[in-house]
Number of protein chains: 2
Amino acid sequence: MEEEKRKKNWNNVNCPVRTVLDRIGDKWSILILLILGDTEKMRFNQLNKEIEDISQKMLTVTLRSLEADGLVNRIIFPEVPPRVEYNITELGKSLLPHIKALSEWAKNNLETIQESREKYVS
Amino acid sequence: MEEEKRKKNWNNVNCPVRTVLDRIGDKWSILILLILGDTEKMRFNQLNKEIEDISQKMLTVTLRSLEADGLVNRIIFPEVPPRVEYNITELGKSLLPHIKALSEWAKNNLETIQESREKYVS
DNA sequence: CAGCATCCTTTCTGATACTG
DNA sequence: CAGTATCAGAAAGGATGCTG
């Protein structure tokens, strides 16, 4: 039974890193964390401008997910028109160095990877 | 024009870490890298047993992707029945510490994240 | 043994229109 | 301003059967 195997969900039980990547391994989370890590706070539309190619929907969805995980704060000001500010939490800050380390590795090895990919056939 | 914005592909140009996550941020790559990082070499079916809940297709697809990026080696022995061995490359090894650091962070903060998620409403 | 091919389901992302 | 709701397309992942 192939189905039986899947139920063990081996990867998340024995591989905690997957639990993180399930959260921040998506298309936008890391970028948002990096931006919020570089600023004190930011409003929704500021983020939307900063990340030129994100859709409003995905910005909302991603921010909500990061908020749920306790990586960013969402502060609503009861004004008209509404103002909502986002900032990174302490938990988020503690994750940042690891993201940046990964980013450094990426910068340093991007070329190697790309060359490898171009040479690769079949 | 919403479409115009996307073409800039801001995230990959200005955010190299995304280029890495586009590759290893999938469901299985990290796990495979961790396993191959802990062993000298491994055959296809060994990996398939080690990762109990991966499908044969995804194991093939993921290994090919890692190979294309130069993170793992694929060595084919011209025998019958065929034998194919996989091992991690030097490039892959250089990435490993960062994955493990992320993994450590995950272990240490899993509970906090889960609590945050449970408390989160809408 | 180590796959490949095909079909199918699920999940992710985006476009668009609308709103307190 | 900062969203929500809905729909549609793309991509990822899985089940199954077949093969050198």
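Letters A, B, ... are given to chains in the order of the sequence lines, protein chains preceding strands, and every chain is numbered from 1.
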Could I get a table of every N or O pair under 3.5 Å where one atom is in the protein and the other is in nucleotides 2-7 of chain D?
{"from": "D:dA2", "atom 1": "OP1", "to": "A:Arg43", "atom 2": "NE", "distance (Å)": "2.8"}
{"from": "D:dA2", "atom 1": "OP1", "to": "A:Arg43", "atom 2": "NH2", "distance (Å)": "3.1"}
{"from": "D:dA2", "atom 1": "OP1", "to": "A:Val84", "atom 2": "N", "distance (Å)": "3.3"}
{"from": "D:dA2", "atom 1": "OP2", "to": "A:Asn45", "atom 2": "N", "distance (Å)": "3.0"}
{"from": "D:dG3", "atom 1": "OP1", "to": "A:Arg64", "atom 2": "NH2", "distance (Å)": "3.3"}
{"from": "D:dG3", "atom 1": "OP1", "to": "A:Arg74", "atom 2": "NE", "distance (Å)": "3.3"}
{"from": "D:dG3", "atom 1": "OP1", "to": "A:Arg74", "atom 2": "NH2", "distance (Å)": "2.5"}
{"from": "D:dG3", "atom 1": "OP2", "to": "A:Tyr86", "atom 2": "OH", "distance (Å)": "2.6"}
{"from": "D:dG3", "atom 1": "O3'", "to": "A:Arg64", "atom 2": "NH2", "distance (Å)": "3.3"}
{"from": "D:dG3", "atom 1": "N7", "to": "A:Gln56", "atom 2": "OE1", "distance (Å)": "2.8"}
{"from": "D:dG3", "atom 1": "N7", "to": "A:Gln56", "atom 2": "NE2", "distance (Å)": "2.7"}
{"from": "D:dG3", "atom 1": "O6", "to": "A:Gln56", "atom 2": "OE1", "distance (Å)": "3.2"}
{"from": "D:dT4", "atom 1": "OP1", "to": "A:Arg64", "atom 2": "NH2", "distance (Å)": "3.2"}

- So does B:Lys27 get a side-chain nitrogen or oxygen closer than 4.0 Å to the phosphate oxygens (OP1/OP2) of D:dG14? yes

- Message: How long is the straight-line distance from NE2 of A:His98 back to CD1 of A:Ile24, given to the nearest 0.5 Å?
- Response: 11.0 Å

- Query: Any sub-3.5 Å donor-acceptor pair from B:Ser116's side-chain atoms to B:Thr112's backbone N or O?
  - Reply: no

- Item | Pair A:Asp26-A:Ser29, side-chain donor/acceptor within less than 3.5 Å | yes

- Task: Determine whether the side chains of B:Thr19 and B:Asp22 contain a donor N or O and an acceptor N or O closer than 3.5 Å.
- Result: no

Find out whether [X] and [Y] are in side-chain contact, i.e. whether some heavy atom of one side chain is under 4.5 Å from a heavy atom of the other.
{"X": "A:Leu31", "Y": "B:Val17", "value": "no"}
{"X": "B:Lys41", "Y": "B:Tyr86", "value": "no"}
{"X": "B:Arg23", "Y": "A:Arg117", "value": "yes"}

Provide, to the nearest angstrom, the distance between the [atom1] atom belonging to [X] and the [atom2] atom belonging to [N].
{"X": "A:Ile51", "N": "C:dT13", "atom1": "CD1", "atom2": "C1'", "value": "15 Å"}
{"X": "B:Met58", "N": "D:dT16", "atom1": "CE", "atom2": "P", "value": "17 Å"}
{"X": "A:Glu79", "N": "C:dG20", "atom1": "CD", "atom2": "C1'", "value": "15 Å"}
{"X": "B:Ile76", "N": "C:dC4", "atom1": "CD1", "atom2": "C1'", "value": "14 Å"}
{"X": "B:Leu59", "N": "C:dC4", "atom1": "CG", "atom2": "P", "value": "11 Å"}
{"X": "A:Ile54", "N": "C:dG14", "atom1": "CD1", "atom2": "P", "value": "8 Å"}
{"X": "B:Leu21", "N": "D:dA12", "atom1": "CG", "atom2": "C1'", "value": "16 Å"}
{"X": "B:Glu67", "N": "C:dA2", "atom1": "CD", "atom2": "P", "value": "15 Å"}

- Note on the structure: Heavy-atom closest pair (A:Val72 atom, A:Leu63 atom, distance to 0.1 Å) is CG2-O, 4.0 Å

- Estimate the overall bend of the helix from C:dC1-D:dG20 to C:dG20-D:dC1 from the end axes over five pairs each, rounded to 10 degrees. 50°

- Query: Tell me, which pairs form a salt bridge (Lys or Arg N to Asp or Glu O under 4.0 Å) where one or both residues lie in residues 71-83 of chain A, sequence neighbours left out?
  - Reply: A:Glu79-A:Arg83, A:Arg83-A:Glu85

